[in-house]
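Down below is the structure, laid out as structure tokens.
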Amino acid sequence: MKLRRPSLRRRLGIVSAAAVAVAVVGVSLAAWLLLRDQLSDVVNERLNRQVGFAIKIDSAGMQVPAPDGGPDTPLYQTVFADGSWLAPTGQAAIPVSATDREVARRERYESTEDVKINSTSYRVLTRWIHTKQTGPNGRAVQIAIDLSEMNNTLGRFGLILALTGSVGIIAAGVLGYLLTRAGLRPVDRVIAAAEHVASTQDLRAAVPVESNDPDEVTRVADSMNSMLSALDASREAQRRLVEDASHELATPLTSLRTNVDLMLRAENHPSRRLAPEDRQRLLIDVQAQMRELDHLIDEVVELARDPRSDEETTPLDLAAVVRSAVARARTRTPQVEFQIDAESVEISGRTGALERAVLNLLDNAAKWGPADAPVDVSVRRQASGAVVCVADRGPGVPTADLQRVFERFHRAPEARSMPGSGLGLAIVRQVVLAHGGRAWLTPRDGGGTQAWIELPSPGRGTARLSECGLTH
Ligand SMILES: Nc1ncnc2c1ncn2[C@@H]1O[C@H](COP(=O)(O)OP(=O)(O)OP(=O)(O)O)[C@@H](O)[C@H]1O
Ligand SMILES: [Mg+2]
């Protein structure tokens, strides 16, 4: 079974509690050890004093009196070299260890040990004494001090430390949790907004940003909002393209259907049989309409393609791309003369897409230009990049339409009798914009149209031109 990972706020609560716990345990342990050492020193000092006192009494040949039973009274005992011992009457005996016997035998000066006497903890100091009465071997004096009070104090202190520490740790955990909960509230808002978008598919619903939101949250919300509006724009563009395309596809389809219906009806009624030349004309019409439909579908597919994702951007010579487009245009419209004057310019771009864009300009020039005037094509290097110009001697585009002809399906009224669907320049604009460039039309001196494509060299801006083939 896979365990669910705790939420961020719970994890931060645990982390802050753990950090406080480490600090509290460290400080408490240090304080407790310090106190133990201090109390132990006090006991050791007392033992020293008491043993000196006992030695004095012993040396004077006096009997140390039995303790009065008070908890503070130390125990006293004399240990002899043979291990036997003598304690004041009525006093509990101090256990004699091997080390104590070593002291009594003068093998060591003194020893300190913690022992249990009648289940009470004592610290025992055994020290060798040598007086006239003791003979050459001497003997040892033992003093035992009750450690209960020291242990009780240490126990109480430990308990207080444990209690305050635990309260501190719990408080740190709860506080950490509450603080992160308050801190993460703006994140919750962002999550709620994202979930709302996911469930309603409403890309126009923006993630709210409040003035007191932390910087990180504002940035997340801002980038989500830009992502949403980019998605919305792209979905809107796709929707419009589908609507426009289905509308435009309907026209050639209708005339195609009409022609086919006409021929079928003529076939089914022997009396209304078409004359062979009418039939031939209708078939040629159908063929032209099918070609039109084919062209239209190609263009719609081209426009629907994401301009950024299909082809790799590489360094390329724009003159070579334009020459290749001209070669294709010559095979498409062999009756039209194309004059090319191309300067080599290296730019970075997508060869296929750029060639399709230039070919669309050449198609237009060939379509509208008179058969006896050549189409002039030039490629020029610019400080800012490169410029392609395609100039014809056709009827020109009305000034009012110069911008609008780049919109999808827009055709100047005079052009409506010509084949085409009005997508060519929209494709040009899409490709050129994706390359960071511009495309526009200008009237040509002496009549005709000049179509321009300007593409930046990597890292350069663009500058406007006015005359085809000339650099300004
Ligand atoms: N060289 C030109 N001379 C005159 N008019 C032009 C020229 N180029 C474009 N236009 C005008 O701009 C309109 C849009 O051109 P665009 O290339 O987008 O469409 P199209 O050529 O009509 O159809 P498609 O290119 O989709 O086959 C044309 O219909 C025409 O009115
Ligand atoms: Mg065109």
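Numbering of ligands and ligand atoms starts at 1, following listing order.
Here the heavy atom of the protein found nearest to atom 27 (O) of ligand 1 is His295 NE2, 2.9 Å. Looking only at protein heavy atoms, the nearest one to atom 17 (O) of ligand 1 is Asn364 ND2, 2.8 Å. Protein heavy atom nearest atom 3 (N) of ligand 1, with residue, atom name and distance: Thr449 OG1, 3.4 Å. Atom 6 (C) of ligand 1 has as its closest protein heavy atom Val397 CG2, 3.5 Å. Here the heavy atom of the protein found nearest to atom 22 (O) of ligand 1 is Arg411 NE, 2.8 Å. In terms of protein heavy-atom proximity, atom 31 (O) of ligand 1 is nearest to Ala412 N, 2.9 Å.
Each of the atoms 24 (P), 25 (O), 26 (O), 27 (O) of ligand 1 lies under 4.0 Å from some heavy atom of Glu299. Close approach to Gly422 involves these atoms of ligand 1, each under 4.0 Å from a residue heavy atom: 18 (O), 19 (O), 20 (P), 22 (O), 23 (O), 24 (P), 26 (O). If you number the atoms of ligand 1 from 1 as listed, the ones under 4.0 Å from a heavy atom of Asp392 come out as 1 (N), 2 (C). Taking every heavy atom of Val405 and a limit of under 4.0 angstrom, the matching atoms of ligand 1 come to 11 (C), 12 (O), 13 (C), 14 (C), 18 (O). Residue Lys367 approaches ligand 1 through these ligand atoms, each under 4.0 Å from one of its heavy atoms: 20 (P), 21 (O), 22 (O), 23 (O), 27 (O).
Closest non-hydrogen pair, Asp146 versus Tyr122, comes out as N-CD2, 3.4 Å. Heavy-atom minimum distance, Arg123 versus Leu47: CG-CD1, 3.5 Å. Considering every non-hydrogen atom in both Val431 and His435, the closest pair reads O-ND1, 2.9 Å.
Taking a 6.0 Å sphere around CD of Glu149, one finds it holds 12 or fewer heavy atoms contributed by other residues, nucleotides or ligands. Atom CD of Gln403 sits in a sparse spot, with 12 or fewer heavy atoms from other residues, nucleotides or ligands closer than 6.0 Å. Applying the 6.0 Å contact sphere to CZ of Arg46 captures more than 12 heavy atoms from other residues, nucleotides or ligands.
In this structure, Gly394 does not count as a contact residue of ligand 1, since none of its heavy atoms falls inside 4.0 Å of the ligand.
Polar contact check, His410 against ligand 1: no nitrogen or oxygen pair lies under 3.5 Å apart. Here's the thing with Leu423: one of its N/O atoms is less than 3.5 angstrom from an N/O atom of ligand 1. Not a single N or O atom of Trp368, backbone or side chain, sits closer than 3.5 Å to an N or O atom of ligand 1. Taking distance alone, with nitrogen or oxygen atoms compared against 3.5 Å, Gly424 approaches ligand 1 more closely than that limit. At least one N or O atom of Leu425 sits closer than 3.5 Å to an N or O atom of ligand 1.
Between Arg219 and Glu216 there is no salt bridge, since no side-chain nitrogen of the basic residue lies less than 4.0 Å from a carboxylate oxygen of the acidic one.
With values rounded to the nearest 0.5 angstrom, Asn259 atom CG is found 9.5 Å from Arg281 atom CZ. Atom OG1 of residue Thr258 and atom CE of residue Met263 lie 11.5 Å apart, to the nearest 0.5 angstrom.
Between the side chains of Thr313 and Arg350, a donor-acceptor pair is found at a separation under 3.5 Å. Counting only N and O atoms by type, the side chains of Thr120 and Asn118 include no donor and acceptor under 3.5 Å apart.
The Mg ion (ligand 2) has no N, O or S atom of Asn360 under 2.8 Å away, backbone or side chain.
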